[in-house]
Amino acid sequence: MICGENAAEQLIRWFRVNRRFMPWREDPTPYHIWVSEIMLQQTRVDTVMPYYYSFIGRLPDVKALAECPEDELSKLWEGLGYYSRVRNMKKAAEKMVLEYGGELPETYEELLKLPGIGSYTAGAISSIAFHRKKPVVDGNVLRVLSRLNGLYDDIGLPETKKKFEAELEKFLSEQSFDPSLFNQGLMELGALVCVPNGEPHCTECPWQDECRAYLTGKTDEIPVKAPKKARRTEEWTVFILHDEKRRMAVVKRPDTGLLSGMYGLPAIPGYLLPDEAVDLLGTYGLQAAEIERLPDGKHIFTHVEWRMRAYRVDVSSDAINCSAVFGTDRLFFADREEIEMKYALPSAFKKWNFWNQKIGL
Ligand code: SF4
């Protein structure tokens, strides 16, 4: 058994007293829960909060999201990362407008058919917003329940998640309490008490009298998680190109691969020496007037680490062809205001101050 009835009731009581304020909790419509859960993937509550307010303020419902231009959507998401999440949200919203009258579908099974919605998000929406007896299993929940039950299953494996989901669903289907409170309580306990890093705060936990890991002194062994494969590293040369009008070159990245479809800085694989960089730019009709090496940058994605050598180059506007193609990317120049207002640049490219450098035309 993954959780007993008493433990569930203790958890719900604890949650009622200890729940943190979150705007989507105060008004848990299906749309609010969906937006917040997608934002919260890989991102902390404190970080999400201002994004949530501006997103809901600008896009208060499914229809508004479906109709929002992609560039504006990326701007609303700028800094949250994992941009495919918001692109999938737009696709899902378009589908909801066409097939569900602009509302989120109520059942777990229909939610699962929408782009970007997996078992976790479908479980969260159907249990929290629609009060359906569906489980919500993420890393926090796997950790808490592994400790409660003294389980040594590897929580990094998909089959472990499936097993927990099946057992929790069976358990929830037999209970009369609100699955919304239980699921939120489980997530909150994982975030505040049975924490992912460092010692769990067992003396503050509603389950301290029955938690197998705590009672047997095994909280440092459970949960079990096999080490992740090492990240691949990639080397890039990144260009901050300015023209005489102090505009900066921006590219629209290819439609596939990392940061696909996003705006970014011109970049090519491998490290170039300054001479090689100048020659390369020349082949694209960008004549370098001055080149300056900037501090190296690094950005860590889930599976890849980018190590970036950066050059700031002042290029002659005579040679600028705004439809120039940089590698497979489309390149154009935009001024500071346009870039700040219109083009969301992923944080991978925000390692350098674009506008206050030593050299300048
Ligand atoms: Fe986690 Fe400790 Fe609570 Fe067990 S008693 S669930 S280890 S915080």
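Along the sequence shown, residues carry numbers from 1. Note that ligands are numbered from 1 as they come in the structure, with each ligand's atoms numbered from 1 the same way.
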Original post:
Just which atoms of ligand 1 are under 4.0 Å from any heavy atom in Thr219?
Top reply: 7 (S)
Original post:
Tally of protein N/O/S atoms under 2.8 Å from atom 3 (Fe) of ligand 1?
Top reply: 1
Original post:
Between Arg20 and Glu188, is there a salt bridge with N-O shorter than 4.0 Å?
Top reply: yes
**OP:** Apply the salt bridge (Lys or Arg N to Asp or Glu O under 4.0 Å) test between Asp243 and each candidate in Arg247, Lys245, Arg246; give the one that qualifies.
**Re:** Arg247
**OP:** Calculate, to the nearest 0.5 Å, the distance between atoms OG1 and CD belonging to Thr160 and Glu165 respectively.
**Re:** 11.0 Å
Original post:
When Glu169 is tested against each of Lys163, Lys134, Lys162 for salt bridge (Lys or Arg N to Asp or Glu O under 4.0 Å), which residue passes?
Top reply: Lys134
Subject >> Reference residue Ile128; test side-chain contact (heavy atoms from CB on, under 4.5 Å); the match among Arg25, His32, Met187 >> reply: Met187
Original post:
Does Glu292 offer a backbone N or O that forms a donor-acceptor pair with the side chain of Arg312 under 3.5 Å?
Top reply: no
